[in-house]
Amino acid sequence: MKSTIRRAFVATLLSLATYAASAADETVVVLEIKGGIGVATADYLATGIRHAEERNAELIIIDIDTPGGLAKPMRDMVQDILGSSVPVATYVSPAGARADSAGTYILLASHIAAMAPTTHLGAATPVSLNGEDVTPAEPVGEPAEEPDGESEGDGEARDTAPPAPGSAMERKVLNDAIAYIRGLAERHDRNAEWAEKAVTEAATLTAREALEQNVIEFIAEDHADLLEQLDGYEVSMDSQEVALATLDATIEKFEPNWRIKILSAIANPEIVLLLGIIGLYGLMYEGWNPGAIVPGVVGVICLLLAAYALQVLPVNYAGLALIIVGIALMVAEAFAPSFGALGLGGVAAFVFGAIMMFDSGVPGFGISVGFVIGLAVLAALAIIWLVGYALKLRKRGAVSGRGSIIGGTGTAMQDFTGDGKVWLEGEAWAAHSEEPIRKDQEVVVRAMRGLTLEVEPTSQADARDAQLQT
């Protein structure tokens with residue numbers, strides 16, 4: 001009897017210890033998304049979700065503050081959130097943050113939508129790659145008003161409803177965005193009507209308005225406040241209601257790996273422009289000064305990084321062509337001075353090309369005009385300096401071989417008249433002189449016969465040169 005009671009007591013203690021250990025192991029993984037949403041952001045989110053699933057985390061919190069971004073990475077992120085086996089809470093924070101455009105889709109796709117006070121969301125109208133709003137001038141499908149005095153029966157032309165305003169592509173993009181955002185809102189029983197207005201009218205809401213209009217579920221001051229409110233909250237996962245246990249959860253911040261950090265750094269229009277300029281400079285310097293090696297290697301690496309980044313950025317290739325033309329004109333100014341005409345034209349082409357290249361209208365992927373102008377001026381000065389330096393190198397003459405030896409100055413290694421030895425360019429040479437030469441005396445090479453140098457004292461050579469000049 002006593003042994004039975006003892007075993008039951010031990011089993012109870014073990015179960016309590018197991019429960020306490022499992023409760024203590026509850027983990028909330030926090031991801032942070034700031035700035036424009038691109039390929040690197042989507043990669044980071046996918047990696048973070050996989051990490052949370054491997055850790056068997058209780059919840060994933062996405063701290064978001066974004067003006068929007070690219071459609072393809074945004075859709076990939078939405079799919080990752082919808083396919084996550086761990087509940088995802090998107091939290092617009094800190095105070096003053098926003099979840100505009102693509103951020104609104106991500107928020108609505110999440111199992112839990114929360115915002116900090118003084119934050120906002122919305123403005124989810126899609127834009128084309130040239131920066132134009134694809135929303136038609138009038139609501140899609142709204143019939144045009146009939147002229148006064150005419151009825152529906154007048155004329156066969158009114159038997160068919162007028163086409164919706166805007167091009168076919170604009171209507172296609174808009175209707176697709178409407179259906180997509182409504183589907184995300186309806187999946188979690190949120191306000192689909194407002195979600196549609198966020199697309200068609202670029203509607204926005206503050207945190208308080210979003211809560212009142214059933215667009216989000218919670219307003220929280222910080223993570224601790226959010227986790228306290230979420231404790232016991234039920235979310236739908238695979239058609240099952242799961243209650244969250246977040247009160248005593250451990251918060252783990254997931255940092256991006258080095259590959260994602262590099263991709264995030266180079267997937268920036270200003271960085272891409274810098275990489276391209278450095279790459280071109282490196283190759284031009286290597287071409288003007290063969291054998292330098294380092295400029296060529298650096299140039300190739302920078303150009304490859306820029307080319308990779310251009311694959312994940314919205315780029316206008318007409319702008320890229322203008323940039324190339326601008327650089328070519330600046331190089332031409334250095335080779336064939338035109339009193340600034342080519343140089344100024346090159347700077348202008350470079351500035352307009354850079355602005356056109358990245359001015360796509362996609363939030364988070366624009367470029368500063370001041371940065372472009374400053375870079376253009378520096379580019380022009382650098383190219384002119386590089387070309388001028390290369391031309392000076394050419395005028396300097398030979399620096400190796402026979403051409404560099406004749407006329408060179410060496411030092412006698414011994415006293416001699418006739419044959420002897422001299423030290424020149426780090427080597428000992430056989431020498432011949434008709435004049436007496438003393439050890440350590442400077443000599444000038446006048447000719448070269450085979451591997452024997454014809455030399456004479458520098459004093460005699462200077463006197464002869466002076467006489468020839470007079």
Side-chain angles (χ1 to χ4, degrees), residues 32-44 64-74 97-98 100-103 127-131 256 258-285 295 298-331 346-386:
E32 185 177 26
I33 295 176
K34 286 189 175 182
I37 291 174
V39 174
T41 317
D43 198 348
Y44 168 60
I64 192 168
D65 178 12
T66 177
L70 304 178
K72 178 61 170 61
M74 178 268 292
R98 56 181 171 169
D100 288 343
S101 193
V127 294
S128 62
L129 285 182
N130 60 7
W258 64 269
R259 187 180 65 83
I260 296 176
K261 288 181 178 179
I262 292 176
L263 182 57
S264 299
I266 66 175
N268 178 300
E270 296 178 354
I271 300 299
V272 170
L273 205 55
L274 279 174
L275 288 173
I277 293 297
I278 293 172
L280 289 173
Y281 285 171
L283 293 183
M284 286 191 294
Y285 186 86
V298 173
V300 169
I301 292 174
C302 288
L303 283 180
L304 289 176
L305 288 174
Y308 175 72
L310 289 176
Q311 299 300 312
V312 299
L313 288 174
V315 174
N316 184 320
Y317 288 97
L320 179 59
L322 268 177
I323 290 177
I324 296 174
V325 169
I327 293 175
L329 290 175
M330 286 186 278
V331 172
V347 171
F350 183 91
V351 170
F352 288 118
I355 295 173
M356 289 174 57
M357 184 176 175
F358 295 110
D359 188 18
S360 61
V362 179
F365 292 92
I367 192 167
S368 168
V369 176
F371 173 83
V372 172
I373 294 174
L375 186 60
V377 173
L378 290 177
L381 295 176
I383 288 178
I384 293 172
W385 178 83
L386 280 175

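If you're wondering where the values come from, they're calculated on a predicted model, not measured in any experiment.
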> Gly69 and Ala102: which non-hydrogen atoms are nearest, and at how many Å?
Replying inline: N-CB, 3.8 Å

> If you look at every heavy atom in Gly38 and Pro73, which pair is closest and at what distance?
Replying inline: O-CB, 3.3 Å

> Passes side chain to side chain contact (heavy atoms under 4.5 Å, CB included), Ile260 versus Thr41? Steps please.
Replying inline: CA-CA 8 Å; Ile260 296 176; Thr41 317; over 6 Å; no

>> Please enumerate all residues that pass salt bridge (Lys or Arg N to Asp or Glu O under 4.0 Å) together with Asp43, with sequence neighbours excluded.
In response: Arg259

>> side chain to side chain contact (heavy atoms under 4.5 Å, CB included) for Val272 and Ile266? Distances and angles first, verdict last.
In response: CA-CA 6 Å; Val272 170; Ile266 66 175; 5.6 Å; no

> About how many Å separate CG of Asp65 and CD1 of Ile33, when rounded to the nearest 0.5 Å?
Replying inline: 11.0 Å

>> Tell me the closest heavy-atom pair linking Pro67 and Arg98, and the distance in Å.
In response: CB-NH2, 3.1 Å

> Say you draw a straight line from CD1 of Ile301 to CG of Leu275; how long is it, rounded to the nearest 0.5 Å?
Replying inline: 11.0 Å

> Less than 4.5 Å apart, any side-chain heavy atom of Leu303 and any of Ile278?
Replying inline: no

>> Phe350 and side-chain contact (heavy atoms from CB on, under 4.5 Å): which single residue from Leu329, Val325, Ile324, Ile277 fits?
In response: Ile277

>> As an exercise, state the distance from CD1 of Ile37 to CG of Asp100, rounded to the nearest 0.5 Å.
In response: 10.0 Å

>> Ignoring hydrogens, what is the shortest heavy-atom contact between Gly68 and Ser101? Give both atom names and the distance.
In response: CA-CB, 3.7 Å

>> With side chain to side chain contact (heavy atoms under 4.5 Å, CB included) as the criterion, how do Tyr308 and Leu304 come out once you've worked through the C-alpha distance, each side chain's angles and the decisive distance to 0.1 Å?
In response: CA-CA 6 Å; Tyr308 175 72; Leu304 289 176; over 6 Å; no

> Looking at residues at least two apart in the chain, or sitting in another chain, which of them share a side-chain hydrogen bond (donor to acceptor under 3.5 Å, both in side chains) with Lys34?
Replying inline: Glu32

